[in-house]
Every structure is written in C-alpha cells, then in structure tokens.
Number of protein chains: 2
Amino acid sequence: MKGKTDRRQEIVQAAKSLFSKKGYSSTSMDEIAEKVGITKASLYYFFESKERIFAEIIEEVLAEIRNYMAMELKICKEHSRPLAEMIDRTISICLKNGIVIRSVDVKMADIHPIIFEKILPALAEAKKNLRQTLACHGVAQSELAAEVLVNSVHAYVLQRKHGIKIASQKEYSQYLASLFAK
Amino acid sequence: MKGKTDRRQEIVQAAKSLFSKKGYSSTSMDEIAEKVGITKASLYYFFESKERIFAEIIEEVLAEIRNYMAMELKICKEHSRPLAEMIDRTISICLKNGIVIRSVDVKMADIHPIIFEKILPALAEAKKNLRQTLACHGVAQSELAAEVLVNSVHAYVLQRKHGIKIASQKEYSQYLASLFAK
DNA sequence: GTCTATACACGGATAGAC
DNA sequence: GTCTATCCGTGTATAGAC
C-alpha cells in the first residue's frame, strides 16, 4: 500500500518521538507499532531489530544537525550575525527533531558497541562544527561553551516534551547568548 | 548477620550507583541484588518494589542537597565567598551522590504519579535554594542561571560516570562561574 | 507487506523452606 | 534474613499464512 521508504520513515518518526520522550529502553516495539498503525511483527519486515531503528534515528538526526552546523559556520564566516539568533535557530532544529543526541545518551541506551563506534565520528563532527561556530561568534573557551550549550538545549527540549514549565524559546536563547557573549 | 538498617543502606547505595549510570528502567532487580551480594528475593524483604527503592534514593539525595543548599545560602549571606568555590562544592556533592535529580529524569523514569507528587516539594525547595544562593552571589537572572547550572552539573556527573573525556572539576566550575559572574 | 500465533528470555514479584 | 523455586506479565524476535 505505502511505498517501502514511506513506511520506513513513518516507523523512524514514531520511534524517534517515543525514544526521545520515554528513553530507548522504556519504549517497546509494540508502542512503536501502535503509533504507526501496524503490528509489531511488521516492524521486523523493515528493521532487523530495535537497536537498528535507534541507529537509523541517530544517523538521520546527526546528518541533519551536521548539515545545519556546517551552514551556521558558513553564515558566521560570511556575515556578522547575532549569536542569539544562531542559538535560537539551533533550538528550533532540535525541537523539530525532538531529540538532542549526546554520546552519554547513546552510552546509557546501552547500544551495541559496534553500532556506537559507527556513529561516533558523526557525533564528533557535529560537536566540532558547533565549537567552531561559537568560536567564530567570538565566544571564549568554545569547547566548554559548546558543552554547556548542548546540555542546555538537550534539557530544554526534554522539558518541553514533558510539559515542564520553562522559559520561552526566545528568552532562553537570548539568555544563553548573553552568557557566552560577555 | 547485618543490621537491618545496614542492609537497607547497602541496597540503596547499589541501586543508586546503577540507576544513575544506566537509568531506572534499564536496571534490573537482579543486578542490584548481585551488586549487594544477595538474591533478588531478599530485596523484597526490605523494599516492597523497585519503585520504592527509587523513591527512597530520591528522597535521600534530595534531603542532602537541600541541606547543603541551605548551608550555601547561609554562607553566602554571612561572608563574601567566590562563586566558583560554591559551584565547585556543589559539583563535589553531586559527584559524591553520583546522581543529580531533575524533575525530567523522574518523569522519564515513569514513576507512579503518587510517588512523584510526594517528592515534588523537595525538588522545588532544592531548586529554590540554589536560585537564592546564585542571586546572593550577585548572579543575574538567577532562575535561568540555576537551570543552566543544574543541567551542566547533571551532564558533568553523567559523563564522568561513563568515562567520557571532560574538563577537570576545577576548570569546569571556574568556567561556569565565569559565565554567571559577568 | 501485513497479519496471527508463538517461541523464548527477562524482569518484577511472591511462596515457602531453612 | 536469605535462599530456591516459581508465577506471570511483558518484550524482542521469528514462523508462516494470506
């Protein structure tokens, strides 16, 4: 009925939404299947395991983030734009994806080491791009700044997902920018 | 053989260590029991459920954090001490406990609402004390600052636990202080 | 491709002996 | 208090029909 790629993508979307909210191990294949509107068995037509779905999500998200970060670096080099806007866009991208990938999270998910090793480079490159972009915006100690920024955005997305009261996106990004700018 | 309170405490310690590293739902009662050196069944002599162990850990950690925060607030009001030192001490306390409790984490653990409601006040008070302490140190927008600080320390502890390369505690606390101080 | 049925392992929890 | 044995629900994954 659906194109093969469509279904795959639906599954990835459903799983992404559930993993990001409840965490990898608390999410069952049944829940993913139900969200897609098929049965659990059908998932295994597209993916050989739950871990493989997780790996695909991570690869997909990291690819998008990496592309985005590369673009931000380019923007920063060519024009002079406010840091707050860059952070605001970063939060938007992360909210759209609904999930912020950090190596700790992957380690906590207890994903098979071989899969983990495969995604490490993408993770490292995304972080490197973020660091360079911050440096380009004149942020001091960009390594540590990137660390703080990633964790702040990670927590922001999570809290929004769980309906926990938190500052507006605009307020939050301006605050973070003000921390790094001074 | 052991005093009743001792065993209870051993169980709490083992569970704390495992929950904080692998997360609540990825940790099994068997693992906790093995770490203590008893069987799973024996755990149920002391605790009626896995959730109850979790609740006890949270209560214990929050009590310590709350006391510590109250002390920091007092210190700050009476003497004038560097912010970096306060942050450094906070990280030490969190590393010692091995776990930083945030409401998102409790929500993600999918703990029974009734238990969750019980710990909410302690969570709120700890955060309030942190906010006041930061304000006392002259930190602007202390609400947002507390948010960023908690998440940074949370991530720091987690990364240390998983052996992920990160700045030294001293460097990290000084950096965070420098962000808030300016 | 999607389903029903099922195999199989794991995890939480209890029963009852010692 | 701690154990062995066991119950039972859930979860991943597979077999095989349609």
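On a predicted model such as this, the values are computed, not experimentally measured, just so you know. Here is the naming used below: chain letters follow the sequence lines, and residue numbers restart at 1 for every chain.
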N or O in side chain of B/T39 less than 4.0 angstrom from D/dC3 OP1/OP2: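 Result: yes.
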
N-O pairing of B/E125 and B/K128 below 4.0 Å: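 Between B/K128 and B/E125 there is no salt bridge, as every charged N stays at least 4.0 Å from the carboxylate O atoms.
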
B/K50 NZ - C/dA13 C1' separation (whole Å):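 Distance check: B/K50 NZ to C/dA13 C1' gives 12 Å.
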
A/F19 six-ring face occupied by A/K50 cation (under 6.0 Å, within 45°):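 No - A/K50 does not lie over the ring of A/F19 by the 6.0 Å and 45° rule.
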
Spacing of B/F47 atom CZ relative to C/dG12 atom P, expressed in whole Å: 15 Å

Interatomic distance, A/Y24 OH vs D/dG11 P [rounded to whole Å]: 13 Å

For the student: nearest non-hydrogen atoms of B/N129 and B/A70, plus distance: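 B/N129 and B/A70 have their closest heavy atoms at ND2-N, 3.9 Å.
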
Whether B/Y24 side chain and B/D110 backbone form a donor-acceptor pair below 3.5 Å: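 Not at all, since once roles are kept as given, no pair shorter than 3.5 Å links the two residues.
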
D/dG1 OP1/OP2 closer than 4.0 Å to side-chain N/O of B/S42: no

Separation of atom CE in A/M29 from atom C1' in C/dA9, rounded to whole Å: 16 Å

Listed nucleotide nearest any side-chain atom of A/I38, set D/dT2, C/dA13, C/dT2: C/dT2

B/A41, nearest nucleotide to its side chain (from C/dC3, D/dT2, C/dA15): C/dA15

Atom-to-atom span, CD of B/E51 to P of C/dA13 - whole angstrom: 8 Å

Short side-chain N/O contact from A/Y45 to OP1 or OP2 of C/dT2, under 4.0 Å: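 For C/dT2, OP1/OP2 do not have a side-chain N/O of A/Y45 under 4.0 Å.
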
Atom-pair distance (CG on A/D30; C1' on C/dA5), nearest Å: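 After rounding, the reported distance stands at 14 Å.
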
Nucleotide D/dG11, atom P - distance to CG of B/D110 in whole Å: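 The distance from CG of B/D110 to P of D/dG11 comes to 11 Å, rounded to the nearest Å.
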
Protein-nucleotide distance (A/K22, atom NZ; D/dT10, atom P), rounded to Å: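 Going from A/K22 (NZ) to D/dT10 (P), I get 13 Å.
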
Candidates C/dG12, C/dT14, D/dT2 - which lies nearest the side chain of B/F46: D/dT2

NZ (B/K161) with more than 12 external heavy atoms under 6.0 Å: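 Buried by this count: over 12 neighbours within 6.0 Å.
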
Touch class at under 4.0 angstrom, heavy-atom based, for A/T27 against every strand present: sugar-phosphate

hbond_proxy B/K40 side chain to C/dG12 base (donor-acceptor, 3.5 Å cutoff): yes

Side-chain N,O (A/Y44) to OP1/OP2 (D/dA13) below 4.0 Å: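 Answer is yes, contact under 4.0 Å.
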
